[in-house]
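To start, the structure under review is shown below, and the notes come after it.
Everything numeric in this text was worked out from a predicted model, so none of it was measured. Below, chain A is the first sequence line, B the second, and so on; all start at residue 1.
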Protein chains: 2
Amino acid sequence: MPKPVVPEEKRRRRRPTKSGTVLSEQLIVDTALRMLREHGSAGLTARRLGLALDADPSTLYRYFRGMDDLTLAIGDALIGQALRGWVPTGEWRADLRAVGLRIHAAYMEHPQAAVLTASRVSGRAHELAADEAVLDILRTAGFPVPDAVRVYHAFVDTTLAFAALDAASLALPSAALRADEEMWRSTYARLPATTHPRIAEAAPLLATRMLTSAYPTALDMLLDSAGAQLEDVRD
Amino acid sequence: MPKPVVPEEKRRRRRPTKSGTVLSEQLIVDTALRMLREHGSAGLTARRLGLALDADPSTLYRYFRGMDDLTLAIGDALIGQALRGWVPTGEWRADLRAVGLRIHAAYMEHPQAAVLTASRVSGRAHELAADEAVLDILRTAGFPVPDAVRVYHAFVDTTLAFAALDAASLALPSAALRADEEMWRSTYARLPATTHPRIAEAAPLLATRMLTSAYPTALDMLLDSAGAQLEDVRD
DNA sequence: GACTTAAGGTCAATGGCGTTGGCATAAGGA
DNA sequence: TCCTTATGCCAACGCCATTGACCTTAAGTC
């Protein structure tokens, strides 16, 4: 039987650790985010987190059921950060685009955290709020429920998928990242036209474009298609 | 100084292990794939792999520089499998769709392996062949080079991103997977309409749809947009 | 202010992990 | 048949997450 975790809002006794710091879910998540940035996506360990908090590693289990539970909390914090201060304009396409880019950008600011959380469903408050907002944009725009759900699904998963993919690149050890970038200038740019004619003719464009995220392009294409569907619905 | 790894083609002495099995790169990769399927994406460990091969874990370092090197070899095996036997029909949209679905499907057949390798760039033969094929489809369809590169970028990264995302879900420890799936039937389906009206009205549809991959939908929307662009070019 | 209670700390231990250096032995060329 | 060395094994190092037992002290009650 694992020890019960007291929910954050029920906590009363905030006993300081040996060294005087007072713990909280918020402080732990923030510290974890900082550690992920500093030590990489594999650098978040209970031992190191305890060290950074001046607390015993086992103390974390008073706040989270385990490292996985902590991971979900980190992900929800990222989503909350993404939409903090956002207000819809009422123009569905611009709003959807802004939400997507905001979420993607928030993950890019914490790529090491994004790698761990982008594919998880936490069901926590910020995640629910984001989903509600996206569905509301689509329904208000005039999409019937089934179409709204379909576009919502494609939109959300495209955004999260690109967040995970782009984060994985950014989170690579810098040596590996440079090696990947060099790939387009070395391997791809030097392929002979006899064996790989299409890559050869596109090499210069590839070398510049492949270093950036395809998410804005993919998002716009998705919104193009959604817009066309909305036209059909309105007829 | 790490011990040197003898390349596979230079191996001559195939000394059997204590129990008589004769090792090879191929055998190790195949065994690793089987272990990933059986024990999950976190279940591939040097110790277990050694156990499955009836060899000491340290023996693996005679074949790969480390576990990371082994995962790259596994990824290469996956890519080879994805394109084996594919032939284009000449109809650009159908061909692009087929390539995307094939790559996605290959990763889905080995989700635990995919999650380890989907976001790695190899620059190896099979990857180059796939890129050449996609560019060829687009150019032959009539896309000018810059447009072809843009659509190629969105197409390839969308496919890889969804492969990584969907594999990550499929590869979750079964307990976490069930928890994520249950989320749509429990948390989301029970949200009161007062606080989350849009989720509430969509809950039944969400509960069924969110358990499937959005990739086919997203892919079709991307191809819709590409098709519209092609119309513009032709005018 | 003193008493009680249990939340929230600490400590020590368990059984995993990747990786390495030293050593032994048999494969295969001479 | 003999030698060399590739390729296997072993033992050990320092990580890791997690748990159960224990202790301390903040908060609530009177």
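- Residue B/A55 comes nearest to B/L23 through the heavy atom pair CB-CD1, 4.2 Å, listed as atom of the first residue, atom of the second, then distance.
- Counting atom types as modelled, B/R47 pairs no side-chain N or O with a base atom of C/dG16 as donor and acceptor under 3.5 Å.
- With rounding to whole Å, B/F64 atom CZ is found 16 Å from C/dG18 atom C1'.
- Atom CG in A/L51 sits roughly 12 Å away from atom P in D/dA17 (whole-Å rounding).
- Distance CG (B/L23) to P (C/dA26): 16 Å, rounded to an integer number of Å.
- When the nucleotides C/dC17, C/dT19, C/dG9 are ranked by their closest atom to the side chain of A/Y63, C/dG9 comes out on top.
- Between D/dT18, C/dT10, D/dC9, one nucleotide has an atom nearer to the side chain of A/A46 than all others, and that is D/dT18.
- Atom CE in A/M67 sits roughly 18 Å away from atom P in C/dC17 (whole-Å rounding).
- Between the C1' atom of D/dC16 and the CG atom of A/L49 lies a distance of 14 Å, rounded to the nearest Å.
- One atom, OH of B/Y61, and another, P of C/dG21, lie 12 Å apart when rounded to the nearest Å.
- Side chain of B/R62, nearest nucleotide from C/dG22, D/dA17, C/dT10: C/dG22.
- Distance B/L53 CG to D/dT7 P: 16 Å, rounded to the nearest Å.
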From CA spacing to verdict: side-chain contact (heavy atoms from CB on, under 4.5 Å), A/V121, B/T187: CA-CA 11 Å; A/V121 181; B/T187 306; over 6 Å; no

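- Closest heavy-atom contact between A/R37 and A/Q112: CA-OE1, 3.8 Å.
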B/L70 vs B/Y63, side-chain contact (heavy atoms from CB on, under 4.5 Å): CA-CA, chis, key distance, verdict: CA-CA 9 Å; B/L70 171 59; B/Y63 291 84; over 6 Å; no

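- To the nearest angstrom, C1' of D/dC22 lies 13 Å from CG of A/D56.
- Side-chain N/O atoms of B/S58 and base N/O atoms of D/dC10 include a donor-acceptor pair closer than 3.5 Å.
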